[in-house]
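The shown structure was predicted, so the numbers you read here are calculated from the model rather than taken from an experiment.
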Amino acid sequence: MSGENGQDQRRAGQEAPGGEQLALIRATVRKTRAKPRTWHGAALAEGLPVARVLVDKGLLHLDQFFDYAVPAAMDAEARPGVRVRVRFGARVVGGRREGGTLHDGFIVERRTDSDYAGPLAPLAQVLSAEPVLAPPLLALCRRVADRYAGALADVVQLAVPPRMARAERKPSPEPLPYPPAPEPGSWTRYGTGPAYLQALGRGDTPRAVWLALPGPHWPRELALAMAATLAAGRGALAVLPDGRSAARVDAALTEAIGAGHHVMLTADAGPEQRYQRWLSVSRGAVRAVIGTRAAMFAPVADLGLVALWDDGDSSHAEPHAPQPHARDVLLLRAREERTAFLLGGITSTVEGAQLVDSGWALPLAASRDEVRAAAPLIRTVGDGDQARDEAARAARLPSLAWQVTKEALTRGPVLVQVPRRGYVPRLACDRCREPARCSACAGPLELREQTGTPHCGWCGRPAADWHCQECGGFRLRAQVVGARRTAEELGRAFPRVPVRTSGRDAVLATVGAAPALVIATPGAEPVADEGYAAALLLDGWALLNRPDLRAGEEALRRWALAAALVRPAAENGTVVVLAEATLRPVQALVRWDPAGHAVRELAERAELRFPPVARMASVTGTPAAVADFMELVRLPAGTDLLGPVPLPVAGPSGAGRGRAGAPTPPPGEMWERLLLRVPPGAGAALAAALKEAQVQRVTRGAVEPTFIRIDPPDIG
DNA sequence: AGCACGCCGACT
DNA sequence: GTCGGCGTGCTC
């Protein structure tokens, strides 16, 4: 079609790097035109009368810029990055424009002229002179959008906090002089630790995957890496999975170099204070940022270090479109902004192992001697042990766990990690362990009260006369016992000891050194002032039995995070894990070898050609929509197609609402999901192809939508 | 997405 | 003869 060519030429914002020359040529050719035509004929800014604008309400096919005329009165304020309001969607009636609604947007660039053939509308208003989407942040957003086949405006929405006029009026503090280089402190426990700090202090860009030793020192070590970067006169950014861990690093950095060098960007500060802190970073007044996920975009000036803690934590995955992951955003920043990189954790993800395997990052790990000195003693109780154990039948606690707890409670607090909150969420056959299902609707059976019959979690029917469909067994067993019931049982078992619980809606940050039973769900474990005397990790097999590619990695991660809060074995710190000692993640925990575990997982992924050894994307929608999409898309050579398979239907009460942005078919409709797989180097090409096809479909007014997801979770 | 213009059926 | 169906296309 000839019309498409013309449209392409008018598409202002989509120039690839090579297209810039073309734009230059066009601009030169059009020099004949003195000034861009406008609608009102008002006086325009003299030097650069055109503003290229990213209109905020970004539909995917509107992922392009629009040019507006800059009235002379707005010349000074209409700088790149400022928020503006523009009239958009007006129509032309007899030489006059009518209608058009006001939209928010950002000035992306000031120009001498436009490559749009028609007359330009003027900017309606410069909302504020604050350049919040300055060119470096815009470039980052562009790269993230491309990486995830998403719309630029969606990423900008994640990266730029909403405007708070009051915060903008407050001046930011004067920047402090750079702090002196810190001493290496406990980094000396890691072979190359001091050298890493020195490299940061020289302003180099060392890249490392850091396996932190168990114990309380990692927040300070992370803070020292930031301090060393600041000492070199460069900025630093650390992203942590939750506000609690961010607060620990914040305290450590303040202790190391004093307050004023950094800000915390976390949700618990209100929106106005958060925006004020963000502005102090954007204005270059503050050079270091500690924060949670959204801080990954923080526009730190002259960034020298990006650090990420515990990248296996699911909160690092942004739930909003296009669902970027903090690890990938920080990797992009490290590459493009030429910064040092520090991926730290008690355990390692396969992605971390791959960064080392590919040679891009160096391992930063302690010697076996240091590991032995820091790690607690790990003991296991397998199912076989439990079956032989008479006491375990009566109480839910095997006798080893009982003995360890009793002894440890004379020395300090004991941590009890239970996989989920609530009562007894799921039941299974006691004999064959098949999950117990409702005979009417096959929903999972749940036990909500301590006594009484189990009920179906979906339809609510009582299941008084349940028997197992698989083996005919008729006894139920608690598959996952929640925090509350465990707390009750243990409280009865140790009546003199205070029981404290920490779960999703009431998280304790710390507990004291006095003997106590501390019941916590994974991720909510309080830090004990002097370390726990012992920890019990219950119901390990429930964690491991999840049908997920990451089940092993995730189980090890959760266990190790809890075990890292326990005193070293030399101080009688003991961990009892209820899981089969022969299982790989259990062995890795016993030997305290998370690196080895990650390397083996990586090798397995390579064999199966699963991420991160391959890049994957999913296309989801009705069968017709998926087929239509596939007809349109021009995939890079060598793309594997896996599927399509029917999309698992969410249970009525179960996974009713999934993660935000996760597409769910309307009731009664069957959707399917197609997986696409390319070799590691072809990820960008795949994303570009998918985005192009998606744009085409939406532009053509496709009735049935398709949903594109790069790096889909929960595969396998 | 909105919101128009545009070319074919049942109404005053 | 018109009012209006929502099919295609544009928005600086």
Those residues at least two apart in sequence (or on a different chain) that pass side chain to side chain donor-acceptor pair (under 3.5 Å) with T349(A) are D311(A)

Quick one: [X] [atom1] to [N] [atom2], roughly how many Å, whole number?
X: Q64(A); N: dA1(B); atom1: CD; atom2: P; value: 15 Å
X: D67(A); N: dT11(C); atom1: CG; atom2: P; value: 13 Å
X: R87(A); N: dG2(B); atom1: CZ; atom2: P; value: 17 Å
X: F88(A); N: dC10(C); atom1: CZ; atom2: C1'; value: 9 Å
X: E109(A); N: dC12(C); atom1: CD; atom2: C1'; value: 14 Å
X: D104(A); N: dA1(B); atom1: CG; atom2: P; value: 20 Å
X: R111(A); N: dC12(C); atom1: CZ; atom2: C1'; value: 12 Å
X: L44(A); N: dC12(C); atom1: CG; atom2: P; value: 16 Å

Is a side-chain donor or acceptor of Q354(A) paired with a backbone partner of P612(A) at a separation under 3.5 angstrom? yes

Original post:
Any sub-3.5 Å donor-acceptor pair from E130(A)'s side-chain atoms to V132(A)'s backbone N or O?
Top reply: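 Looks like no, no N/O pair under 3.5 Å.
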
Query raised in the report: If we require ring centres under 5.5 Å and near-parallel planes under 30°, does Y116(A) stack on dC12(C)?
Result: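 Yes, Y116(A) stacks on the base of dC12(C), since the ring centres sit under 5.5 Å apart and the planes are within 30°.
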
Residues 634-646 of chain A vs salt bridge (Lys or Arg N to Asp or Glu O under 4.0 Å), sequence neighbours excluded, gives R609(A)-D640(A), D640(A)-R677(A)

